[in-house]
Amino acid sequence: MNQVLFEGRFLVNMISTLIHRSALQVQYGRMDWERLFRASDYHRVANIIYLGLLGNGDRISERWMNRFFDRYQEALVNGGSCEEAEREILTLLDMQKIPCVVLSSTTIRNLYELPETADLSPLRLYLSPEGYSLAKGYLIDLGYETTRTYPECGERMCRIAGLNIDIYRKLPFQTRYFEKGMRELTVRSQVRSGGESVRILSLEDRMVFRLASCSYQYVRDELLIRDMLDLFLYHKVWREKFDGNYVKKKLQEFRVDELADRLLRLAYMWFGEKEDKIYIQSIGQIEELSSFDILENRILNRGEFKKDHETDPQVLGLTRLLKKEEEKEMRKARRETRKRRWTERKRAWNRSLQWVFPDYKYMSTLYPTLEKIPFLLPLYWLFRGLRLLFGLLIKGGNQQS
């Protein structure tokens with residue numbers, strides 16, 4: 001087992017034991033805590049891992065124990081203001097009549113037994129291009145700054161001791177299936193209680209969006225342990241209250257139904273209890289264990305997974321679609337670059353022509369007699385050019401002497 005995979009499984013096991021309050025046997029002295037901290041920080045679970053390390057500080061480097069504590073403290077201090085900040089932003093958008101759809105919100109924090117173990121980036125908003133510009137302006141006024149950009153799609157904004165917000169004018173999973181599916185979900189969204197412009201997805205549609213997003217993140221090697229944990233908690237709490245057949249049907253339209261199902265089962269294998277029927281169904285299919293190994297290895301290897309090991313038809317198909325979209329965007333960018341360069345050359349050429357052949361009005365200020373004989377403008381251009389050339393020759397001769 002490679003080191004990266006070992007560290008990832010260690011994090012998963014520790015989170016699982018914390019959820020179920022069971023004991024984890026670890027030889028703490030043999031762990032590379034710098035690597036483990038960086039792995040947990042990458043997967044955005046360092047604040048959870050800190051709780052698992054309590055009581056073992058004497059066996060862990062003080063420097064790295066403090067780093068884990070810093071992440072926990074950030075979540076503890078800033079997490080309490082998340083819900084208030086979200087209410088402030090959504091109320092502002094309602095007051096300014098800026099239509100938007102809430103894709104995910106701080107409600108995910110309520111699914112954690114300890115809210116400070118939740119992530120600090122829960123709010124994602126989907127806006128029209130016009131609403132996007134207005135919303136960004138208001139967020140800047142509130143002290144938010146851009147910390148990450150999603151090219152052609154949106155950006156992440158945050159402020160010190162505040163909520164992190166992802167705003168999109170175009171969702172960053174561009175295939176024709178995802179675009180069509182999300183358009184249908186946003187059309188089905190309902191205006192939130194007490195509001196006018198802010199809309200929210202139904203329980204089922206939020207599940208569809210979360211599963212579809214995880215599937216696309218997996219193919220792009222961006223799926224994190226934190227995403228899998230959120231998925232597990234959301235499904236475990238709400239699975240008895242939403243229509244599973246509807247969710248499956250919608251995921252078929254996204255062309256990720258089988259992949260999403262395996263990711264959900266893997267989440268239960270990681271964090272669920274052995275008595276859970278979904279967990280039992282997952283481990284009961286012996287012939288599918290290799291596919292779960294591939295899923296786990298690819299997630300935990302943080303993008304270092306060898307793609308030629310991938311055999312899932314939906315994953316391979318989605319990979320091809322995303323590659324085509326990336327190539328399409330690259331061709332579009334190259335066309336825009338060529339167009340911009342051509343425009344700049346054309347503008348420079350026009351400036352040169354304008355300098356060599358000034359307009360009639362400018363020439364009249366230099367040569368007032370031209371006003372009486374405007375048809376001789378070309379002759380005056382020649383006269384001006386010769387005069388400038390003669391002046392340059394005289395100036396050059398004086399410098400040599």
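Because only heavy atoms are used, hydrogens play no part in the values below, and waters and symmetry mates are left out as well, while side chains stay in.
- The pair R44-D119 meets the salt-bridge criterion, with a side-chain N (NZ, NE, NH1 or NH2) lying under 4.0 Å from an Asp/Glu carboxylate O.
- With salt bridges taken as basic N to acidic carboxylate O contacts below 4.0 Å, none links E253 and K180.
- More than 12 heavy atoms of other residues, nucleotides or ligands lie within 6.0 Å of CD in Q252, so this atom counts as buried by the packing criterion.
- Distance check: R71 CZ to T117 OG1 gives 16.0 Å after rounding to the nearest 0.5 Å.
- With hydrogens and angles left out, the side-chain atoms of Y144 and N164 include no donor and acceptor closer than 3.5 Å.
- By the 4.0 Å N-to-carboxylate-O rule, E155 lies close enough to K136 to be salt-bridged with it.
- Within the 4.5 Å cutoff, side-chain heavy atoms of D257 are placed close to those of Q314.
- A cation-pi arrangement, defined by a distance under 6.0 Å to the six-membered ring centre and an angle within 45 degrees of its axis, is absent between R206 and Y234.
- Below 30°, between 30° and 60°, or above 60°: for F271 and F232 the angle between ring planes is between 30° and 60°, a tilted geometry.
- A salt bridge links E34 with R38: the closest approach of a Lys/Arg side-chain nitrogen to an acidic carboxylate oxygen falls below 4.0 angstrom.
- Separation of atoms CG (L92) and CG (L142) is listed at 6.0 Å; rounding is to 0.5 Å.
- Between Y50 and F68, the gap from one ring centroid to the other reaches at least 6.0 Å.
- Remark: K250 engages E184 in a salt bridge, criterion side-chain N to carboxylate O under 4.0 Å.
- A salt bridge links R159 with E88: the distance from a Lys NZ or Arg NE/NH1/NH2 to an Asp or Glu carboxylate oxygen falls below 4.0 Å.
- The distance from the CZ atom of R176 to the NZ atom of K324 is 7.0 Å, given to the nearest 0.5 Å.
- Within the 4.5 Å cutoff, the side chain of Q96 has no heavy atoms near those of the L134 side chain.
- The line from OG1 of T149 to CE of M157 is 12.0 Å long, rounded to the nearest 0.5 Å.
- From R169, atom CZ reaches atom OH of Y150 across 12.5 Å, with rounding to the nearest 0.5 Å.
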